[in-house]
Structures are given as C-alpha cells and as structure tokens.
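When a residue number appears, it is its place in the shown sequence, counting from 1. On a predicted model such as this, the values are computed, not experimentally measured, just so you know.
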Amino acid sequence: MSRLTSAVLALSVAVAALAGFGIGSARAHADAALVPMPRAVDGKPDLTGLWQALSTAEWNIQDHPASAGVPAGQGVVDGGEIPYQEWALKQKQENEKNSRIPDPVTAVTADPVSKCYMPGLPRATYMPYPFEIAQADKAVVMAYEFARTSRVIPTDGTKHDEGVENWMGDSRGHWEGDTLVVDVTGFNADTWFDEAGNFHSEALHLVERFTPTSRDHLRYDVTVEDPKVFTRPWKMSMPLYRRLEPHAQLLEYHCLEFLEPRLYSHLSKPAAKGK
C-alpha cells in the first residue's frame, strides 16, 4: 500500500469517526432536550438551581474583536445596534475610553464594577459567574456570586414600591404560561450594561423573560427601555445553562472596593527592566 493510499484511508477513517461522533452528540443533545423541566406543586416550571451565561456580554453586549485581554464575542443585542440618543452615544464612547484607563492611585477604572459596586441588571445575569434561583409559592429569589448581590421577586401581584432607586432595581414577577416575566424599575444611574461603557439613566425599565427550553436550559430575553438615553426600546437575548457538577454551589466573590484592583493591578503592568 502506497503512502498516498494509506493517508487517504486514514483520512477517511477519521472523517467517518468525526461524523459518528457528531451524530452521537446530536442524539445526546436531542435526548437531553426531551427531558421535561421539573414543576412545582402549582404546576409552574421549577427554575430552582444554579445557572450561568456563557457569552462574552460582560465585556461587551455588542459584537467585538479580541483586544487587551478581552475575548472576541458575538453580541447579544437584537439587530446588533443600540439606539442611543446622539448625546448618549458620545457619553458611551467616553465611558468606553475611561473603562480602559485605571486610576494611577486606586487602579480602578470608570466601570462601576471595577469599584466593586453591585452590577445592576441585566448585567448580573451574564457576568462570568453563576447565579442561583430559589422558587417559592409567592416569590422567586435570585442570588448572584459577585459582591453577594441578590434580589427578591414577588409573584403575588404586589405593585412596585414608589420612589425607590437602588443598584438592582425593584422587581415584580408573574407567569405567562411557562415563562417567568419580571418587570424591573427603580434603578439608580450608577451601573453599566457591560465593561464597554454601555449605560442607562435612573429611568431604566426592564422586562425580563425566563423561558425553559429543556430541563437544563433557559432562554433569557430582556427588553430595555430608557427614554432619557435611547430613542426606542431594544432587546437582548441569550441562553442560560444549568450547572451540572455533582457538588455545584454558589460561592462568594466578596469584592473589596478599591483594594482588590490595586492588589491585582501588577498583572497588567510590564515587568521592570532587569527583573
């Protein structure tokens, strides 16, 4: 058998093996999709568990190339563009520039998360850390790993608290079929959507939708409205994945304001000459 014949035969075997693996993976995925979402006593989907987004939205919710330690990523904004008002687009560009320049004393940037502030919504959902959902009859609780952030979402029809402004807003939920719909108002203006400087005002209004697509997958859709910053409402969407490790649990990321960035700032600095 010639070397050429041997090479062709080996390639054919490899292609066949890969094809078989692809078919097997597709079947396994299809079988997993058929496993129904567990349900609570009231018949609603039981979303209890540890969930995580696997997108690069934390760094930039729009399409972006790899740069300065930021992984390349596809955006999660429907249609790709964020409809900023003219003044707001200039502010976003200024935010992005300042998010790359650390303060020489504190080593923090303009990104509020760099100061260890609560990340706000929807950013807390797609940071590169898991979050946990616990579900009861009249409320859903979501706890996030970063900065020990959490929120309680009543689902009993109670109205929003008036005059409230805080980092995570004021959430009120209800069910539409198998989808948990969460209406969120009452934000402050001190959080960003991502590290790239996409921002909002205190007039931010979100409608989040958590829809099970299988036992271990949720579709997360969020409509963003802020008449002070954007020309119209816009949407983001992404899948969320259940963490399936046998001992998966929510750990603590207890971020220390101003101290932690300083401790790790040397990692981004070139080594001194002669060392």
- [ ] Please lay out, stage by stage, how Ile82 and Phe230 fare under the test side chain to side chain contact (heavy atoms under 4.5 Å, CB included).
- [x] CA-CA 8 Å; Ile82 299 174; Phe230 309 113; 3.6 Å; yes
Open item on the list: Could you report the tightest heavy-atom contact between Pro119 and Ala124, atom names first, then the distance?
Closed with: CG-CB, 3.8 Å
Task: Non-hydrogen side-chain atoms of Thr213 and Pro239 separated by less than 4.5 Å - done: no
Open item on the list: Check whether Glu145 reaches the backbone of Pro128 with its side chain - one donor and one acceptor, N or O, closer than 3.5 Å.
Closed with: no
Open item on the list: Taking Arg39 first and then Asp178, would you say they form a salt bridge - that is, a charged N and a carboxylate O separated by under 4.0 Å?
Closed with: yes
TODO: Would you name the heavy atoms of Gly80 and Gln62 that are closest together and state the gap between them?
DONE: O-NE2, 3.0 Å
TODO: Please determine if Arg151 and Glu208 form a salt bridge, counting it only when a charged side-chain N lies under 4.0 Å from a carboxylate O.
DONE: yes
TODO: Might you point out which heavy atoms bring Ser150 and Met168 nearest each other, and give the distance in Å?
DONE: O-CG, 4.4 Å
Open item on the list: Tell me whether Arg209 contacts the main-chain N or O of Thr179 through its side chain, where contact means a donor paired with an acceptor under 3.5 Å.
Closed with: no
Open item on the list: If we check ring-ring contact (aromatic ring centres under 6.0 Å, His included) with Tyr220, which of these qualifies: Phe210, Trp51, Phe131?
Closed with: Phe210
Open item on the list: Rounded at 0.5 Å granularity, tell me how far NE2 in His174 sits from OG1 in Thr158.
Closed with: 12.5 Å
Task: Lys90 with Glu94: basic N within carboxylate O range, under 4.0 Å - done: no
Task: Flag side-chain contact, heavy atom, 4.5 Å: Pro112 against Asp190 - done: no
TODO: Hey, could you give me the NZ/OG1 distance between Lys235 and Thr223, rounded to the nearest 0.5 Å?
DONE: 4.5 Å
Task: Interatomic spacing from CG in Leu89 to CG in Asn198 - rounded to 0.5 Å - done: 9.5 Å
Task: Student check: side-chain heavy atoms of Asp216 and Tyr241 closer than 4.5 Å - done: no
Open item on the list: I need the full list of salt bridge (Lys or Arg N to Asp or Glu O under 4.0 Å) pairs touching residues 70-87, with sequence neighbours left out, sorted by first then second residue.
Closed with: none
Open item on the list: With clusters defined by side-chain heavy atoms of hydrophobic residues (ILVMFWY) lying less than 4.5 Å apart, directly or transitively, does Val141 cluster with Val184?
Closed with: no
Task: Pairwise distance CG(Asn166) to CE(Met118) - rounded to 0.5 angstrom - done: 8.0 Å
Open item on the list: Quick one: does any side-chain atom of Asp194 pair with a main-chain N or O of Gly197 as donor and acceptor, under 3.5 Å?
Closed with: yes
- [ ] Describe, in one word, how the ring planes of Phe146 and Tyr129 are oriented to each other, choosing from parallel (under 30°), tilted (30 to 60°) and perpendicular (over 60°).
- [x] parallel
Task: Donor-acceptor contact below 3.5 Å, side chain His64 vs main chain Ala57 - done: no
Task: His200 side chain to Phe193 backbone, donor-acceptor under 3.5 Å - done: no
Considering only distance and modelled atom types, tabulate donor-acceptor pairs under 3.5 Å from the side chains of residues 132-139, sequence neighbours left out.
from	atom 1	to	atom 2	distance (Å)
Gln135	OE1	Leu47	N	2.8
Gln135	NE2	Pro45	O	2.9

Task: Distance-minimising heavy-atom pair for Val182 and Ser171 - done: CG1-CB, 3.8 Å
Task: Note, Asn60 side chain near Val70 side chain (heavy atom, < 4.5 Å) - done: no
Open item on the list: Applying a strict under-4.5 Å side-chain criterion to I, L, V, M, F, W and Y, I'd like to know whether Leu206 and Val152 cluster together.
Closed with: no
Task: Pairwise side-chain contact, Glu176 with Thr211, heavy-atom cut-off 4.5 Å (strictly under) - done: no
Open item on the list: Around atom CD of Glu202, are there more than 12 heavy atoms from other residues, nucleotides or ligands closer than 6.0 Å?
Closed with: yes
Open item on the list: As a quick check of understanding, evaluate salt bridge (charged side-chain N to carboxylate O under 4.0 Å, His left out) for Lys159 and Asp183, giving each step before the final call.
Closed with: CA-CA 10 Å; Lys159 303 298 183 181; Asp183 190 273; over 6 Å; no
Open item on the list: Could you tell me if the side chain of Met127 sits less than 4.5 Å from the side chain of Tyr144, heavy atoms only?
Closed with: no
Open item on the list: So, taking the atom named CG in Asn98 and the one named CD in Gln91, what distance separates them when rounded to the nearest 0.5 Å?
Closed with: 8.5 Å
- [ ] Using atom types as modelled and distance alone, determine if a side-chain donor or acceptor of Ser99 lies under 3.5 Å from a backbone N or O of Asp111.
- [x] no
Task: Rounded distance [0.5 Å steps], OG1 in Thr56 versus CE in Met238 - done: 9.5 Å
Open item on the list: For a quick test of reading the model, state the closest non-hydrogen atom pair linking Arg215 to Pro38 and the distance between them.
Closed with: CG-CD, 3.8 Å
- [ ] May I ask you to test the Gln249-Arg243 pair for a side-chain heavy-atom distance under 4.5 Å?
- [x] no
Open item on the list: Main chain of Thr109, side chain of Lys115: is a donor-acceptor contact present, judged purely on distance under 3.5 Å?
Closed with: yes
- [ ] Could you tell me whether a side-chain N or O of Asp170 sits under 3.5 Å from a main-chain N or O of Gly186, the two making a donor and an acceptor?
- [x] no
- [ ] Mind listing the closest non-hydrogen atom pair of Lys97 and Ile101 along with its distance?
- [x] O-CG1, 3.5 Å
Task: Side-chain touch Tyr84/Phe199, heavy atoms, less than 4.5 angstrom - done: yes
